[in-house]
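Data first, discussion second: the structure below is written as structure tokens.
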Protein chains: 2
Amino acid sequence: MVERQRPVTIVDVARQAGVSQASVSRVLNGKPNVDPSIASAVHAAVAELGYEPSLAARSLVQGRNHTVAMVVPDLENPLFQGILKGLTLAADADGYRVLVADTDERAGSEEAVALEARRRCDAIVLCAPRMPEPRLRQLVARIAPVVVVNRPLDAAGVPWVGVDYARGIHDLVDHLVALGHRRIAYLAGPASSVSNGERERGLAAARETHPDLSVEILPGGSRLDDGAAAADAVLEARDRGATAVLGFNDLVALGLLHRLAELGVDVPGDLSVAGFDDSPFARYSTPPLTSMSVPRGELGAQVWQRLSTLVAGGRSEHTLLYRPRLEVRASTGPVPASAGADRA
Amino acid sequence: MVERQRPVTIVDVARQAGVSQASVSRVLNGKPNVDPSIASAVHAAVAELGYEPSLAARSLVQGRNHTVAMVVPDLENPLFQGILKGLTLAADADGYRVLVADTDERAGSEEAVALEARRRCDAIVLCAPRMPEPRLRQLVARIAPVVVVNRPLDAAGVPWVGVDYARGIHDLVDHLVALGHRRIAYLAGPASSVSNGERERGLAAARETHPDLSVEILPGGSRLDDGAAAADAVLEARDRGATAVLGFNDLVALGLLHRLAELGVDVPGDLSVAGFDDSPFARYSTPPLTSMSVPRGELGAQVWQRLSTLVAGGRSEHTLLYRPRLEVRASTGPVPASAGADRA
DNA sequence: CTGTTAGCGCTTTCAA
DNA sequence: TTGAAAGCGCTAACAG
């Protein structure tokens, strides 16, 4: 018969130390103006009884529980993992915990998940790449304080931290153009993805920069198998003259790379391939994948800085946009001699 | 000037519905024996006021917050991601949330993290592959209810769910032996890792099964770069006659694969390579990686089943061990004709 | 500087 | 079946 023992409360500590509950509370919360003798008595009692304050009680009375939630579409995505890590680390230093709410790519559930999470937490880090902007705007109003990640949002009191995908893809195209490529294919991400839209905007800008450049947009996706599945379409594009392919992200590019190898296509001999995000796997593929590096951890830290300001009741800080850095690896190379003219 | 408005409480609902707090509580908790007219009045009031019960208050009075934490050494590891996903899904169905506590591979912090997490949660899923058993034993006693994942533990009231690494590696070796390999190298995981110990046990067993088999254990690691860094040692082993290499996990094997390709070693022509865990990347590498598949999501679901039983005050259920399934891919092949005799 | 006391919002006896 | 009232454990006014 296991007797469920009553947990030690502040009352027990007070009695043991021979002081009032209030004094115990003050000592434990590091309030000023407490007599050292009382403090030491309290500490002794705490140690002796193995007392640990009830977080539930504290939450109730303070109206906050020192926990924030990060809502992400897919925890397997290295980008979100990195942001999460950076966020967690930074929050930890301020005594905050981070709860992860994975919406599992069910775009429809993002709203419900975020609302649910907000009930248990003091604030939200929201990553909802597919949510239509009007909905998002309504949502953030309901769950504030909130920081939006990885997409721009013009809403009062809601800072966001993101990546300049347009600029990044432009830089990547510049790299390819410098290698001599003039016909490029792009394996697009999910149609409703905001960051895919930004990439396509970057492609358009690159086309203006390079008048002799042509870009063909192919349906892709966001995961390994999407990239593999697109291999045939990519080869057709190559037959139409394309000499390089950009993937929506590294996963897509890696999936494609795999399938191309199976089909005996030489990369970059026959075709150059590049990704985006610089996932840890990029440098370990065969051939290593040229990609755009994003400071994932740094992003997370900046998110926390903004969120903590908000939680403390401060004014929302400025928005922040990181410019990705080009990582040239072996998957991109000069235009093959055989190319340059259409093959079709 | 923003007026922080007072949240709607159960008192407001009671007043609005013209009933007592107790009735509101009963309706909202689905207690039996409530007059339908009262119920509808309450629901109407709730809807009208947009009332949401305070989880903090509920936690305080009930002594539980319907949240559990999973302590993992590294969230980037696909194995833990999968388990987490399965766990989250299953817990969700029972109205429980899962909080993630990443110890970031700092083995020393596992204990502190687990204790901290336990304070905020009703139970713990513990994955501490490096913790010495005596410490672990003490720890689980302090944080019960708890389920241990991915390592065996013989402690009263603490169920565990794991993978039969010994059996798995044995099966993998059988596959290689069937292909004709007789000299195998193994890139070991972290020395203190329990699951590495089990793999080595499996290797020993395999050696008994196949008397003409010899196994060489090389220092490896648990990550991509560990595998890449071990390439030279692997080649030396090959010069001593090894025709196949097993990685501690897929990450190590993939890192190795990458480096071997750089060095111009043909896999599996010159050397067969296999991993463990069957991460999503395994099938997309070049060549695709032979690996042992582990039912990650299923593992997570079983963890929840045991944990929920415990939380409900039930007796701890039986321990569970999954046997990995062999996934043969192109990275393993017959012994090269040139091999068979030592080259040294 | 310290103690007393009133809640925080909810669930749950206990009577009615 | 319903309501009144007593806490859950803690913090924060308010006195002293």
Side-chain angles (χ1 to χ4, degrees), chain A residues 4-46 49-67 95 118-122 312-313, chain B residues 4-46 49-67 95 118-122 312-313:
Chain A
R4 205 174 262 298
Q5 59 187 332
R6 191 177 57 80
V8 179
T9 78
I10 199 174
V11 181
D12 304 314
V13 177
R15 187 182 318 126
Q16 169 89 7
V19 300
S20 72
Q21 291 182 39
S23 290
V24 176
S25 177
R26 287 189 190 103
V27 171
L28 265 39
N29 291 302
K31 304 282 191 203
N33 304 336
V34 269
D35 190 292
S37 72
I38 287 202
S40 61
V42 167
H43 284 128
V46 165
L49 280 74
Y51 167 71
E52 292 193 329
S54 151
L55 297 180
R58 197 173 264 180
S59 298
L60 178 58
V61 67
Q62 297 190 135
R64 34 161 110 181
N65 61 3
H66 296 272
T67 303
R118 180 62 179 84
R119 292 191 57 201
R120 338 176 72 87
C121 298
D122 301 342
Chain B
R4 206 176 261 298
Q5 57 185 334
R6 190 177 58 80
V8 179
T9 79
I10 199 174
V11 181
D12 304 314
V13 177
R15 187 182 318 126
Q16 169 89 8
V19 300
S20 72
Q21 291 182 40
S23 290
V24 176
S25 177
R26 288 189 189 104
V27 171
L28 265 39
N29 291 302
K31 303 282 191 205
N33 302 337
V34 268
D35 190 291
S37 72
I38 288 202
S40 61
V42 168
H43 284 128
V46 166
L49 298 168
Y51 168 71
E52 293 194 328
S54 150
L55 298 180
R58 197 173 264 178
S59 298
L60 177 58
V61 68
Q62 297 189 139
R64 36 161 109 178
N65 62 4
H66 297 270
T67 303
R118 180 61 179 85
R119 291 191 56 202
R120 335 176 73 86
C121 298
D122 301 342

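As the structure is a computational prediction, the values presented were derived from the model and not from experiment.
- A donor atom on one side chain and an acceptor atom on the other are not found under 3.5 Å apart for B:T67 and B:R120.
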TODO: Carefully, step by step, assess B:I10 and B:S25 under the rule side-chain contact (heavy atoms from CB on, under 4.5 Å).
DONE: CA-CA 8 Å; B:I10 199 174; B:S25 177; 4.1 Å; yes
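- Rounded to whole Å, atom C1' of D:dT11 lies 12 Å from atom NE2 of A:H66.
- What separates CG of B:L60 from C1' of D:dC8 is a distance of 4 Å, to the nearest Å.
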With B for base contact, S for sugar-phosphate-only contact and - for none (protein heavy atoms under 4.0 Å), nucleotides 11-16 of chain C reads BBB---
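- Of all non-hydrogen atoms in B:S54 and A:L60, the two that sit nearest each other are OG-CD1, 4.4 Å.
- Distance, A:R15 CZ to D:dG9 P: 12 Å, rounded to whole Å.
- Note: CZ (B:R6) to P (C:dC8) measures 9 Å, nearest angstrom.
- If B:A57 and B:I38 are placed on DNA chain D by their nearest nucleotide, the residue sitting closer to the 5' end is B:I38.
- B:D12 has a carboxylate O that lies under 4.0 Å from a charged side-chain N of B:R6, or vice versa, which qualifies the two as a salt bridge.
- Each of B:V34 and A:P7 was matched to the nucleotide of DNA chain D holding its nearest heavy atom; the match closer to the 5' end belongs to B:V34.
- Shown here for B:T9 and B:Y51, the closest heavy-atom pair between the two residues is C-CE1, 3.5 Å.
- Spacing between atom CD of B:E52 and atom P of C:dC10 amounts to 11 Å, rounded to whole angstrom units.
- Between B:S20 and the phosphate of D:dG3, there is a side-chain N or O to OP1/OP2 separation shorter than 4.0 Å.
- B:A17 approaches B:A41 most closely through the heavy-atom pair CB-O, 3.7 Å.
- Atom CG of B:D12 and atom C1' of C:dC10 are 13 Å apart (whole Å).
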